[in-house]
Structure formats: structure tokens, C-alpha cells
Amino acid sequence: MTLIYLDDQFAVHDTGNHPECIERITRLNAAIRASEVLSTATFPVWQNASQPQITSVHSPEYVQQLESWCAAGAGRIEADTVVSQGSWLAAVRGAGAAIDAVNRVVDEEAKRAFCAIRPPGHHALPGGPMGFCLLNNIAIAARSAIARGLRSVLIVDWDVHHGNGTQDAFYEDGQIGFYSIHRSPFYPGTGAKDETGSGRGLGWIYNEPVSADISKKQFLDCFQRGVEDLAGRVKPELILLSAGFDAHQNDPVGGLCLEEQDYGDLTAWLIDVAENYCGGKLVSLLEGGYHLTHMPSSALEHVEKLM
């Protein structure tokens, strides 16, 4: 069984004329609802993330400031990041979906889950917003998994941008591994090959920066080799995926070499890794992807393979 988290309330995060716009989620929701996956998926009801769950990753001062910005409809709060009065609800709703999905998969109610959430999260820092992101959903989900008693979690990030906020949260952790394949040089300028963690986390960070002209075969080979290498070290009891779809060749913000079918192939391979290491336990969270046709269709390829 696969869980799918859908909620039209994510549209209350109103960014106006911005790449991370309301239409991203409304089009994705429509694509999923029109798909045959509806007949076999389960659509859970869940609670918003609580303050203690959020502050397992973010500082209380930042959380209080973010809530105030949203209440005031502050607009642009960082070079690339916009909030409206509905943004706090969307943010805690998205983090809550990620936590709920982890809980249900850990409890073996389902093997896999996909959370169609926004705003995205992997750039959000412990102390501030960044790159369209308010709360680091996948970091909060990983912390909740460890709080449930898991010994090790692997986060995989195939968004075209490096997940710097996620890396920062776990750079010295030693229980949560982080693998990222991302375009470089590119925003946010982090994710070099020699960023491998420190202290207890040394060797638990694996970055795969790739050039803009990488071929599809090279991308897939790098991804498979890197994930398998880190999974062998981490031996995860759960895999979490930052599923950005902005490495699609037509994405207006990112763009690499991928097409819709490639996301299906990546998903099928990652499911095999999850089966080998953790009984198939895999939770996927939507991150980037800004082409209003190719993002929903790429995500749908991903979801159909998860089914």
C-alpha cells in the first residue's frame, strides 16, 4: 500500500508572481486525482506539525519570527522567499504530512508514501528561511524518525539544487545520512565533493555535484553509485527522498538532462535500494520543479512507480 498526502490548503501559501506559485500544487493535485493511482492509494488525514517537532530542527527564535512574518503577510522575507498570511498554515501542514508519513511507514501501515506539499523545505536553515523554503520538512521528518527509535535514516536529494539546509542540520549527526546530486556551479553554491560531514557525521554526507551538460546516462550512473555507497555505510532503517523535479531539461529555474520517464526509472531503482536495506520503507516529499506542465507529469511518473 502507498500513502498519498494531498491537501488543497497548500494553495493558501500565496507567493504571487513567483516561480514557487500556487499553480504548482493545484496542477499536481489535479494530475494525481485524474490518475488511476486513486483506485489503489490511501489518502491519510493528518495533524499539523507541533512546535516541539518543528524546533527539533529550527531555533525557537526563528520559528516565532516566521509565524509573525506570516501573520503580518510580510511578503519578501529573504532574497528569494515570499510569505503571505496563509504561509504559516501551509508550512506546518507540510511538515505535519512528512511526520505523519514517517510514523505510518515506520509502523508498517504502508511501505511507501508521497507528500504533495509546499512550500518546499531543503534550503531552510535551522535559523532562517532560504530559497523559497520556510521549514525544512525532510529534516523535521528525519528527526521524528530517530525520535521513534530508529538508529539510522538516509536522506536522498535529487532536486537540481543542493539541499544545503538539510546538510547543515545533520553535518555532525552520525545517525542521519545525506546524499545529494545537484547541478554545480549553481545556487546555493554549496555541496562540494569534499563536504563529507564532521565529528560523528564524518562520512555520512555524500555530495555529487554535476555539470550542466551532464548526459542522462552519466547522471543515472552517478546517482546509483553514490546512493549505494552511502546506503552501505548508513544501513538505513528508512529512506527519505527530497523529490525535486527541476532537473527536468525544460525547467525554467533549474534544468539538467532528465525527462519524465527518467524520474520513473530513478524511483524504481530507489525502491530496490529501500527493499534491500529497510524492507522497502520510503517516504518522498515534494521539493522543487517549476515547469507547470513537466513538473506535474514528472511527479506523476514518480508516484505511479511508488504505487
Side-chain angles (χ1 to χ4, degrees), residues 19-20 57 78-81 119-142 153-174 176-216 218-231 233-234 236 239-249 251 253-258 262-263 266 270 284-290:
E20 206 292 281
V57 170
E78 184 265 340
D80 302 299
T81 308
H122 72 153
H123 295 308
L125 302 166
M130 186 175 178
F132 311 169
C133 302
L134 303 180
L135 298 178
N136 197 312
N137 304 306
I138 206 156
I140 293 168
V153 174
L154 174 60
I155 297 174
V156 175
D157 188 330
W158 70 37
D159 190 283
V160 77
H161 304 98
H162 179 240
N164 60 303
T166 310
Q167 175 173 294
D168 282 3
F170 304 122
Y171 205 71
E172 301 179 351
D173 186 84
I176 299 167
F178 175 68
Y179 170 85
S180 176
I181 186 167
H182 48 273
R183 180 173 158 182
S184 179
F186 206 48
Y187 181 89
T190 53
K193 195 77 174 173
D194 62 358
E195 295 172 19
T196 59
S198 65
R200 291 189 306 171
L202 184 62
W204 284 61
I205 305 294
Y206 190 125
N207 284 299
E208 194 78 71
V210 300
S211 65
D213 61 355
I214 190 171
S215 72
K216 190 178 299 187
Q218 288 171 320
F219 184 98
L220 297 174
D221 287 349
C222 287
F223 179 80
Q224 292 176 356
R225 182 185 65 249
V227 171
E228 188 57 59
D229 283 355
L230 188 56
R233 174 182 287 269
V234 171
I239 296 177
L240 304 178
L241 174 64
S242 274
F245 298 97
D246 42 7
H248 192 285
Q249 61 187 16
D251 191 88
V253 174
L256 273 175
C257 55
L258 301 183
D262 299 313
Y263 286 107
L266 288 166
L270 193 58
S284 171
L285 311 183
L286 179 66
E287 295 282 3
Y290 305 98

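A quick note: this is a predicted structure, and the numbers were derived from the prediction, not measured. Along the sequence shown, the residues carry numbers beginning at 1.
- Contact detail for Gln249 and Cys257: the closest heavy-atom pair is OE1-O, 3.9 Å.
- Counting only residues at least two apart or on different chains, the salt bridge (Lys or Arg N to Asp or Glu O under 4.0 Å) pairs with a member in residues 200-210 are Lys193-Glu208, Glu208-Arg225.
- By the 30° and 60° cut-offs, the orientation of the rings of Phe186 relative to His161 is parallel.
- A donor-acceptor pair is defined here as one N or O able to donate and one able to accept, closer than 3.5 Å; such a pair exists between the side chain of Asp159 and the backbone of Gly288.
- In plain terms, the two heavy atoms of Tyr290 and Asp251 that are nearest each other are N-OD1, 2.7 Å.
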Taking it one step at a time, do Lys216 and Asp262 satisfy side-chain contact (heavy atoms from CB on, under 4.5 Å)?
CA-CA 8 Å; Lys216 190 178 299 187; Asp262 299 313; 3.1 Å; yes
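- Scanning both residues, Ala247 and Tyr263, for their nearest heavy atoms gives N-OH, 3.3 Å.
- A distance of 5.5 Å separates CZ in Phe223 from CG in Leu266, rounded to the nearest 0.5 Å.
- Within the 4.5 Å cutoff, no side-chain heavy atoms of Tyr206 are placed close to those of Val227.
- The structure places CG of Leu270 at 8.0 Å from CG of Leu154, a figure rounded to the nearest 0.5 Å.
- Of all heavy-atom pairs between Pro126 and Val57, the closest is CB-O, 3.5 Å.
- For Ser211, the side chain to side chain contact (heavy atoms under 4.5 Å, CB included) partners two or more places apart in sequence, or in a different chain, are Asp213, Ile214.
- Judged by distance alone, the side chain of Asp246 and the main-chain N or O of Val160 form a donor-acceptor pair under 3.5 Å.
- Taking Thr196 as the reference, nothing meets the side chain to side chain donor-acceptor pair (under 3.5 Å) condition, with sequence neighbours excluded.
- Note: Ile155 CD1 to Ile239 CD1 = 11.5 Å, rounded to the nearest 0.5 Å.
- Taking CH2 from Trp158 and CZ from Phe245, the interatomic distance works out to 6.0 Å, rounded to the nearest 0.5 Å.
- Side-chain contact between Val253 and Tyr187 is absent, with no heavy atoms from C-beta onward closer than 4.5 Å.
- The side chain to side chain donor-acceptor pair (under 3.5 Å) pairs that include a residue from residues 123-136 are His123-Asn164, Asn136-Thr166, where partners are two or more places apart or lie in different chains.
- The line from CD1 of Ile138 to CG of Leu240 is 5.0 Å long, rounded to the nearest 0.5 Å.
- Arg183 contributes no side-chain N or O that, together with a main-chain N or O of Leu256, makes up a donor-acceptor pair within less than 3.5 Å.
- Put simply, the side chain of Phe132 does not reach to within 4.5 Å of the side chain of Pro119, judged on heavy atoms.
- The shortest non-hydrogen separation linking Asp157 to Ser242 is CG-CB, 3.5 Å.
- The minimum heavy-atom distance between Cys222 and Ile181, with the atom names listed, is CB-CD1, 4.1 Å.
- Partners of Asn207 by side chain to side chain contact (heavy atoms under 4.5 Å, CB included), not counting sequence neighbours, listed by chain and number: His162, Gln167, Phe178, Ser180, His182, Glu195, Ile205, Pro209.
- Remark: Arg233 engages Trp204, Leu230 in a side chain to side chain contact (heavy atoms under 4.5 Å, CB included) (not counting sequence neighbours).
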